[in-house]
Amino acid sequence: MKRVAILFSIVFVIALTACSNSSKDTASNNVNASKPEIEAETELIITATNYSFDQEEYHLKKGVPVKIIFKNESGNHGILVPEFELQLNGKKSSKVIIPEEAGTFEMTCSIMCGSGHSGMNAKIIVE
Ligand SMILES: [Cu+2]
């Protein structure tokens with residue numbers, strides 16, 4: 001939850017600085033302003049079909065910002081990884097995350113997509 005709050009404040013500060021140059025001085029007093037905008041160093045594409053994801057395991061590197069790109073190739077699915085505050089769905093969507101802890105995390109389908117829904121899961125392995 002804390003991570004989301006930080007992310008939101010970063011986005012907020014970025015939005016502020018983008019709107020007005022004069023707000024830069026104010027923003028620099030904010031601790032969050034010293035953090036650079038999250039830029040992905042790498043990408044991971046996750047594809048969903050009826051009723052599976054394209055891989056059983058997805059590997060990420062700890063501490064490396066990664067742009068998770070989710071694509072629906074058939075049916076209507078989504079992905080959910082609570083530990084990363086990651087929830088994507090639709091035809092195509094993406095989010096940049098920074099996996100901060102090594103470990104294995106369960107990824108499930110976030111949309112009740114039909115008969116194969118409960119079998120739609122995969123592992124995100126951070127190392
Ligand atoms: Cu589903």
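Each ligand, and each atom within it, is numbered from 1 in the order the structure gives.
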- Heteroatom N/O/S of C113 within less than 2.8 Å of the Cu ion (ligand 1): yes
- Message: Let me check your reading of the structure: within less than 2.8 Å of the Cu ion (ligand 1), is there an N/O/S atom from I111?
- Response: yes
- Task: Output yes when K123 and E56 qualify as a salt bridge under the 4.0 Å nitrogen-oxygen rule, no when they do not.
- Result: no
- Query: Are side-chain heavy atoms of I46 and I68 found at a separation under 4.5 Å?
  - Reply: yes
- Item | Heteroatom of H117 nearest to the Cu ion (ligand 1) (N, O or S, atom name) | ND1
- Quick one: closest heavy-atom pair of C109 and C113, and the distance? SG-SG, 3.9 Å
- Search all heavy atoms of I79 against all heavy atoms of S110 and return the closest pair with its distance. N-OG, 3.5 Å
